[in-house]
Amino acid sequence: MQRIEELLTSTIIRAAQELWQTELNESVIQIQKTRKEFNGDLTLVVFPLVRIAKKSPEETAAMLGKFLDENLEEISGFNVIKGFLNLTIAASYWLKQIGAIDEDDRYGLTTAGEDAPTVMVEYSSPNTNKPLHLGHVRNNLLGFSISKILEANGNKVIKVNLVNDRGIHICKSMIAWQLFGNGETPESSGKKGDQLVGEYYVKFDQEYKKQVAELIAEGKETKEAEAAAPIMAGAREMLLKWEADDPEVRKLWERMNGWVYDGFDKTYNRMGVSFDKIYYESETYKLGRQLVLKGVKKGFLEREADGSVWADLTDKKLDRKLLLRSDGTSVYMTQDVGTAHQRFSEYPIEQHIYVVGNEQNYHFQVLALVLEKLGFDWHDKLYHLSYGMVELPEGKMKSREGTVVDADELMDEMIATARQMSDELGKLGEYSEEEKQNIYRQIGLGALKYFILKVDPKKNMLFDPKESIDFNGNTGPFIQYTYARIRSVLRTAGEYDSGIPGVVLNDKEIDVIRLVHGFPAIVKEAAREHNPAVVANYMYDLAKEFNQFYHDHSILNADDANTRLFRIHLSAIVGRIIEKGMELLGIEVPERM
RNA sequence: GGUUCCGUAGCUCAGCUGGAUAGAGCAACAGCCUUCUAAGCUGUAGGUCGAAGGUUCGAAUCCUUCCGGAAUCACCA
């Protein structure tokens, strides 16, 4: 089925040939939705054509309107206001559209075939020294959703997680556990593994501060005291032992990381995100060094007298960037060069998306340039999906000041709020505790996910935990509610004939159909822009439009049998689009709520 | 100082590949449950789209400058 916009465009080009003997460039044809206050469905902006037609805007519009009306059965009428040609689309066209959508179980989306392009999406990428917090929540939701959206556009998506499991930070937790742990384990304490390890990370910091304060009291300078604190020295020693493959340290490291992974798995499961492959920095941190050395040999990079290696990016208006230390070891950038190279060798990657906070904008800018300097032709296939910070009313999250919002606690609170709201509204009285639990979970998480995903990723966003998250208005629960309502109608309707009868459509119905019709284009746009918020805000528009329709027109008690059938059918289709759209956001929809 | 991003209603956000009178939600006020779920619907009020120039028939949208805010610019990761 040809989309009406394409049909109009080709017909307008034909009209220009016949009326003005001109070959029109497609770019001058601007078709948009007609504004509410005017009659019509689609509007052609004729200003760009005025010069070609050599007529006034009104005359130009009238000529085109007449031509389209006569040549296209899909156009049932038109009117001209200034330079705007408002076209009314025939009901038969909308009915055909709705029929086509109904028959297509992919709703106009594509699925990945054998030769589909491969997209790798790296997201989450936590450190193993503390539990996931609000910032990770935004990261995980964005990464998962953009993966779904890319899949819906016919890409083969590989979701990967690069876990930062090595370095001084995990050694800090380890040494604190050795000193104060008394053998505590997740099993013995009943604590979640990541929470437990996180506690020792905090203990390290407290002890470290205490020792520094003591040393300063003894008369040492701040810097001197920081360097001399025994617990820090212990952590550094542990890191050296780790790098030297000391069996004791490695064993403890594996044990504590194992606890953390158990904890992370629980959180990921609950959040509903998943990965196809997990990379560990302990296995990849040496990558990249050889590539850099090769780059030096070829003269792409510079080696200083002390042995350190640098990339000179001053010609790109950036400064010089270190790639190898004077002792020959790698830095973060070097690892990223290495892991990217490894991944592009392993998979036929068309695009590699990194979901990473905007504090690393500079890093990814440099990464792409370094890869280009090293001569990799895939350097332009990296995309940094950069997202802004989640700010709290008090300002930024600071782990040291205890203002971090823990991901698990946040989900608990959201679900508890959903329960409270539900009870206040007197819903779900007759359901079993188990059913209720599941619905509260769906609503609570739906609220959280939607709240975060509806905001443009690149913007910083404000999150107020005290006021909790709204369950009214532009929210996940509102969309879920619309879905539950539709399901309820369908349950009441029972079996119905799924043919599309010929009916007279009212304005609201056309609005709903038009939105449904626009779904694939929205998903495509979301993929192009790497922005799930496009889908999220569309879902709200659709739900709102349907709610208005629901309020204004009876579905089951429609005036005649055909209208009733049609409305049931339309409701069912809206329900399926909501289901699909929310799936792209990683949000579940409840049958009732 | 360099680089990147943001600035739209009291608050949280849409709208940005230029189009008609800039939209939602929250908060405020006024209505609507004997009819398919009121987590809903309707209405009122609320705006110099940070500022000034420029391009254009037309600018919240594009360009320039400025103002305000954020991030980043380690032989850290």
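Convention: sequence-line order gives letters A, B, ...; per-chain numbering from 1.
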Could you tell me how the ring of [X] sits relative to the ring of [Y]: parallel (under 30°), tilted (30 to 60°) or perpendicular (over 60°)?
X      : Y      : result
A/W242 : A/W253 : perpendicular
A/Y383 : A/H530 : parallel
A/Y208 : A/F204 : parallel

Look only at the side chain of [X] and the backbone of [Y], and say whether a donor-acceptor pair between them is shorter than 3.5 Å.
X      : Y      : value
A/Y538 : A/L515 : yes
A/R35  : A/T43  : no
A/S125 : A/N161 : no
A/N25  : A/S27  : yes
A/K373 : A/A311 : no
A/D165 : A/S282 : yes
A/D560 : A/T563 : yes
A/T34  : A/L42  : yes

Counting any heavy atom closer than 4.0 Å, what does [X] reach on the DNA or RNA strands: base, sugar-phosphate only, or nothing?
X      : result
A/T43  : base
A/T482 : nothing
A/M593 : base
A/N129 : nothing

Looking at every non-hydrogen atom in both residues, tell me the closest pair between [X] and [Y] and how far apart they are.
X      : Y      : answer
A/P457 : A/P532 : CG-CD, 4.4 Å
A/V512 : A/L542 : O-CD1, 4.4 Å
A/T88  : A/G40  : OG1-CA, 3.7 Å
A/Q480 : A/P590 : CB-CD, 3.7 Å

Is the A/F451-A/F463 ring centre distance short of 6.0 angstrom?
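Yes, close enough.
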Tell me which of A/T34 and A/S422 sits closer to the 5' end of RNA chain B, going by the nucleotide each one is nearest to.
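Its nucleotide being nearer the 5' end, the pick is A/T34.
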On RNA chain B, does the nearest nucleotide to A/K508 precede the nearest nucleotide to A/A418 from the 5' side, or the other way round? Give the residue.
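The residue whose closest nucleotide sits nearer the 5' end is A/A418.
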Between B/C13, B/A38, B/U72, which nucleotide has the shortest distance from any of its atoms to the side chain of A/E359?
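Among the listed nucleotides, the one closest to the side chain of A/E359 is B/U72.
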Given B/U21, B/U42, B/C13, identify the nucleotide with an atom nearest to the side chain of A/M461.
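The closest nucleotide is B/C13.
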Starting at atom [atom1] of [X], determine the distance to atom [atom2] of [N], rounded to an integer number of angstrom.
X      : N     : atom1 : atom2 : value
A/D541 : B/G23 : CG    : C1'   : 10 Å
A/L42  : B/A20 : CG    : P     : 16 Å
A/H384 : B/U72 : NE2   : P     : 12 Å
A/N531 : B/C13 : CG    : C1'   : 13 Å
A/D456 : B/U8  : CG    : C1'   : 14 Å
A/Q32  : B/A20 : CD    : P     : 7 Å
A/L428 : B/A39 : CG    : P     : 11 Å
A/M389 : B/G69 : CE    : C1'   : 13 Å

Under 4.0 Å between a side-chain N/O of A/R35 and OP1 or OP2 of B/G19, yes or no?
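For B/G19, neither OP1 nor OP2 has a side-chain N or O of A/R35 closer than 4.0 Å.
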Any A/K427 side-chain nitrogen or oxygen under 4.0 Å from OP1 or OP2 of B/U37:
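Result: no.
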Say we look at [N] and [M]: how far apart would their [atom1] atoms be, to the nearest angstrom?
N     : M     : atom1 : answer
B/C5  : B/U48 : C1'   : 25 Å
B/C16 : B/G2  : P     : 31 Å
B/A24 : B/A70 : P     : 32 Å
B/G25 : B/C63 : P     : 32 Å
B/A39 : B/C13 : P     : 26 Å
B/G7  : B/U61 : P     : 11 Å
B/G68 : B/G15 : P     : 28 Å
B/G19 : B/C62 : P     : 10 Å

N/O to N/O distances under 3.5 Å, protein versus nucleotides 3-6 of chain B:
residue	atom	partner	partner atom	Å
B/U3	O2'	A/Q365	OE1	3.4
B/U3	O2'	A/Q365	NE2	3.4

Could you run through nucleotides 25-36 of chain B and give me one letter per nucleotide, 5' to 3': B if any protein heavy atom sits under 4.0 Å from the base, S if only the sugar-phosphate is that close, - if neither?
SS--------SB
Please encode protein proximity along nucleotides 54-59 of chain B as a string of B, S and -, counting only heavy-atom distances under 4.0 Å.
---B--
If you write RNA chain B from 5' to 3' in dot-bracket form, with Watson-Crick or G-U pairs under 3.5 Å, [ ] for crossing pairs and | for pairs with another strand, what do you get?
(((((((..((((.....[...)))).(((((.......))))).....(((((..]....))))))))))))....
Ring-on-base stacking between A/F478 and B/A39, under 5.5 Å between centres and under 30° between planes: is it there?
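No; centroid distance or tilt outside limits.
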Please tabulate, one pair per line, each protein N/O and nucleotide N/O from nucleotides 74-77 of chain B that are separated by under 3.5 Å, including the distance.
residue	atom	partner	partner atom	Å
B/C75	O3'	A/R325	NE	3.4
B/C75	O2	A/S326	N	3.0
B/C75	O2	A/S326	OG	3.0
B/C75	N3	A/S326	N	3.4
B/C75	N3	A/S326	OG	2.9
B/C75	N4	A/D306	OD2	2.0
B/C76	OP2	A/R325	NE	2.8
B/C76	OP2	A/R325	NH2	3.1
B/C76	O3'	A/R325	NH2	3.4
B/A77	OP1	A/R325	NH2	2.7
B/A77	OP2	A/R325	NH2	3.1
B/A77	O3'	A/E281	OE1	3.3
B/A77	O2'	A/N164	ND2	2.7

Where does B/C33 land, syn or anti, once you apply the within-90°-of-0 test for syn?
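B/C33: syn.
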Is a side-chain donor-acceptor pair under 3.5 Å present for A/T128 with A/N257?
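On atom types as modelled, these side chains qualify, holding a pair under 3.5 Å.
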Is it the case that A/N547 and A/T482 place a side-chain donor and acceptor less than 3.5 Å from each other?
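Side-chain D/A pair, A/N547 to A/T482: present.
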Ion pair A/E435/A/R592, N-O distance below 4.0 Å
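Between A/R592 and A/E435 there is no salt bridge, as every charged N stays at least 4.0 Å from the carboxylate O atoms.
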Does A/E545 come within less than 4.0 Å of A/R514, counting only side-chain N to carboxylate O?
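Judged by the 4.0 Å cut-off on N to carboxylate O distance, A/E545 and A/R514 do not form a salt bridge.
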Please give me every residue in residues 436-446 of chain A whose heavy atoms get under 4.0 Å of an atom in RNA chain B, ordered by residue number.
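Within residues 436-446 of chain A, the residues near RNA chain B are A/I443.
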Among A/N39, A/N79, A/D41, find the residue that satisfies the side chain to side chain donor-acceptor pair (under 3.5 Å) test when tested with A/N86.
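Going through A/N39, A/N79, A/D41 one by one, the side chain to side chain donor-acceptor pair (under 3.5 Å) with A/N86 is satisfied by A/N79 alone.
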